[in-house]
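Both backbone and side-chain heavy atoms feed into the values below; hydrogens, waters and symmetry mates do not. As the structure is a prediction and not an experimental result, all values here were calculated from the model.
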Amino acid sequence: MNRSTLRSIAGAALALSGAALLGLGATVAHAAATLPADNNLYAIGCADTNDFQLYEVSSTGELTAIGDGSGSDDFYDCVPQAAWDWSTGLAYFSWDGDLYSMDVATGDSTLVAALTGDFAETTVNIAIGRNGESYAIDDCKIATINLTNGATQYLSGYETNCDGGFYYFDPFAYNATNDTYYTINVDNTEDDTPPIDNMIYPVNTSTGVVFGTTGSVLTGANFTLDDDLIDSYRTMSFDSNGVGWLIWDNGTLGALYSVDVATGNLTSEGVVADGGTYKQIQSTFLKSPTPPALADTGIDTSGLGTLAGFGAVLMVGSALLFALRRRALNV
């Protein structure tokens with residue numbers, strides 16, 4: 001093998017290793033209105049004939065019932081925001097001061113514990129992070145929540161939200177692609193002076209503060225700022241591409257929207273119905289096989305595999321350069 005051939009192979013190997021490294025932080029292009037093939041969007045229906053009825057939701061809003069809602073016997077209203085926990089493989093939600101888990105294979109729900117602490121006897125919205133860290137929201141208050149025993153504790157900055165006029169956080173969800181929790185202030189702001197923009201906000205889970213942070217104003221898809229429609233955005237979930245999925249429900253009609261958290265733009269995806277029949281929905285959660293890679297760092301098992309591949313290619317390139325240098329010294 002001559003010197004120019006060795007140099008070409010070594011250069012190609014190092015170029016490949018650099019491309020592999022850059023690929024760790026890359027994001028995959030996707031169609032915003034399509035759920036990834038290995039993602040499942042679920043909804044928990046309001047009381048109709050079956051309590052805690054689980055549905056799978058398609059990208060166009062079509063509902064498919066799972067199970068018969070068994071596992072509960074005291075449900076007479078709408079469950080608020082639920083969340084999927086990758087660490088246990090179960091969904092969690094609260095109702096009437098209690099914490100429940102749900103098996104998505106059967107649709108059965110199980111009472112875990114009564115909520116205790118700051119959110120005792122309260123029905124809360126729940127969001128769960130990639131490692132099982134979990135939080136709850138009710139009105140302007142944010143707390144940690146223990147998914148084993150139901151214990152809750154306010155985060156220190158919740159009063160900042162209340163004092164600032166952020167009274168009604170409703171949709172609450174975790175976006176695993178950027179490791180960020182989001183909520184929407186769904187209070188009708190026309191009566192506030194000055195009016196508070198209805199935005200999708202990142203939540204500081206160290207302090208619980210949302211007021212004063214920079215959010216994205218919700219726009220598009222039959223939505224206008226300070227409109228009464230805002231308080232019908234009930235629930236939100238993020239897929240493994242970082243696309244948000246919201247359900248708008250006013251008690252007589254439901255609609256599915258996708259949202260870009262960077263811009264706040266909403267896109268209408270379809271009417272929420274079961275075979276053309278309206279079902280009231282105020283709770284969703286989204287299941288994916290594993291937490292998706294962080295967009296900025298690529299930290300997940302696939303990213304680590306890419307890093308290992310980069311290391312192997314780099315070693316090959318280094319070995320070839322060493323061989324080239326050694327051959328040159330012997331010429």
J.: I need the D68 CG to D108 CG distance, nearest 0.5 Å.
T.: 7.0 Å
J.: Going by heavy atoms in the side chains, are V272 and D249 under 4.5 Å from each other?
T.: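 No, side chains not in contact.
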J.: Side chain of T177, backbone of N241: donor and acceptor closer than 3.5 Å?
T.: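 Side chain of T177 to backbone of N241, a donor-acceptor pair under 3.5 Å: no, none is there.
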J.: Between N161 and F169, is the side-chain contact (heavy atoms from CB on, under 4.5 Å) condition met? List the steps.
T.: CA-CA 10 Å; N161 303 324; F169 297 132; 3.9 Å; yes
J.: Mind checking the OG1-CD spacing from T123 to E121? Nearest 0.5 Å is all I need.
T.: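 So the gap between those two atoms works out to 10.5 Å.
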J.: Ignoring hydrogens and geometry beyond distance, is a side-chain donor-acceptor pair present between Q81 and T235 at under 3.5 Å?
T.: yes
J.: Anything under 30° is parallel, anything over 60° is perpendicular, the rest tilted; go ahead and classify Y174 against Y181.
T.: tilted
J.: Hey, what do you get for CD (Q280) to CG (L253), rounding to the nearest 0.5 Å?
T.: 11.0 Å
J.: Let me know which of Y42, F93, W95 forms a ring pair (Phe, Tyr, Trp, His ring centres under 6.0 Å) with F52.
T.: F93
J.: Ignoring hydrogens, what is the shortest heavy-atom contact between N146 and L99? Give both atom names and the distance.
T.: O-CD2, 3.8 Å
J.: List the steps, then state whether side-chain contact (heavy atoms from CB on, under 4.5 Å) holds for I184 with L246.
T.: CA-CA 11 Å; I184 298 174; L246 291 87; 3.5 Å; yes
J.: If you take all heavy atoms of G208 and I142, which pair is closest and at what distance?
T.: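 The answer is O-CD1, 3.3 Å.
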J.: Is R130 reaching over with its side chain to a backbone N or O of A293, donor-acceptor style, under 3.5 angstrom?
T.: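 No; judged by distance alone, with no hydrogens or angles, the pair does not exist.
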J.: Side-chain contact test, heavy atoms from C-beta onward, threshold under 4.5 Å: evaluate it for W84 versus L286 and give yes or no.
T.: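 No, too far: nothing below the 4.5 Å cut-off.
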J.: Under 3.5 Å, side chain of T122 to main-chain N/O of V124, donor-acceptor pair present?
T.: no
J.: Any side-chain heavy-atom pair from L90 and Y100 closer than 4.5 angstrom?
T.: no
J.: Enumerate the disulfide (SG to SG under 2.5 Å) contacts for residues 118-156, please, sequence neighbours excluded, ordered by first and then second residue.
T.: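 Found C140-C162.
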J.: Please give me the minimum heavy-atom distance between L147 and G132, naming the atom from each residue.
T.: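 Result for this residue pair: CD1-O, 4.4 Å.
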J.: Give the minimum heavy-atom separation between P80 and S94, together with the two atoms involved.
T.: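 Looking at all heavy atoms of both residues, the closest pair is CD-O, 3.3 Å.
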J.: Does the pair I145 and Y92 meet the rule for a side-chain contact (heavy atoms from CB on, under 4.5 Å), with working shown?
T.: CA-CA 11 Å; I145 180 170; Y92 290 85; over 6 Å; no
J.: Going by heavy atoms in the side chains, are L256 and L41 under 4.5 Å from each other?
T.: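 They are in side-chain contact.
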J.: Taking the side chain as every heavy atom from C-beta outward, state whether Y135 and L155 have any pair of such atoms under 4.5 Å apart.
T.: yes
J.: Distance check, rounded to the nearest 0.5 Å: Y257 atom OH versus S268 atom OG?
T.: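 Answer for the OH-OG pair, Y257 versus S268, is 5.0 Å.
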J.: Side chain of S283, backbone of A43: donor and acceptor closer than 3.5 Å?
T.: no
J.: Is there a donor-acceptor contact under 3.5 Å from the side chain of Q53 to the main chain of G67?
T.: yes
J.: Does a side-chain heavy-atom distance below 4.5 Å link E159 with Y154?
T.: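 SC-SC contact between E159 and Y154 ruled out.
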J.: N125 versus D170: any side-chain heavy-atom pair under 4.5 Å?
T.: yes
J.: Decide side-chain contact (heavy atoms from CB on, under 4.5 Å) for V104 and N40; before the verdict, give the C-alpha distance in whole Å, the side-chain angles of both, and the deciding distance to 0.1 Å.
T.: CA-CA 10 Å; V104 297; N40 302 93; over 6 Å; no
J.: Determine whether the side chains of S288 and W86 contain a donor N or O and an acceptor N or O closer than 3.5 Å.
T.: yes
J.: With sequence neighbours excluded, what pairs up with S240 under the side-chain hydrogen bond (donor to acceptor under 3.5 Å, both in side chains) test?
T.: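 Per chain and number, S240 pairs via side-chain hydrogen bond (donor to acceptor under 3.5 Å, both in side chains) with N39.
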J.: Let me confirm one number: the CD-NZ distance from E56 to K287, rounded to the nearest 0.5 Å.
T.: 9.0 Å
J.: Using 0.5 Å steps for rounding, measure from the OG1 atom of T106 to the CG atom of L54.
T.: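 T106 OG1 to L54 CG: 8.5 Å, rounded to 0.5 Å.
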J.: Answer yes or no: is there a donor N or O on one side and an acceptor on the other, between the side chain of N149 and the main chain of A151, under 3.5 Å?
T.: yes
J.: Indicate yes or no: at least one non-hydrogen side-chain atom of T144 is less than 4.5 angstrom from one of Q153.
T.: yes
J.: Within the distance-only criterion (no hydrogens, no angle test), does the side chain of E133 pair as donor or acceptor with the backbone N or O of I128 below 3.5 angstrom?
T.: no
J.: Got a donor-acceptor contact below 3.5 angstrom from the D138 side chain to the K141 backbone?
T.: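 Between the backbone of K141 and the side chain of D138 there is no qualifying donor-acceptor contact (under 3.5 Å).
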J.: On a heavy-atom basis, which atom in K279 and which in L63 lie closest, and how many Å separate them?
T.: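 That would be CB-CD1, 3.7 Å.
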J.: Is there a donor-acceptor contact under 3.5 Å from the side chain of S258 to the main chain of W245?
T.: no
J.: S237 and A173: which non-hydrogen atoms are nearest, and at how many Å?
T.: CA-CB, 4.2 Å
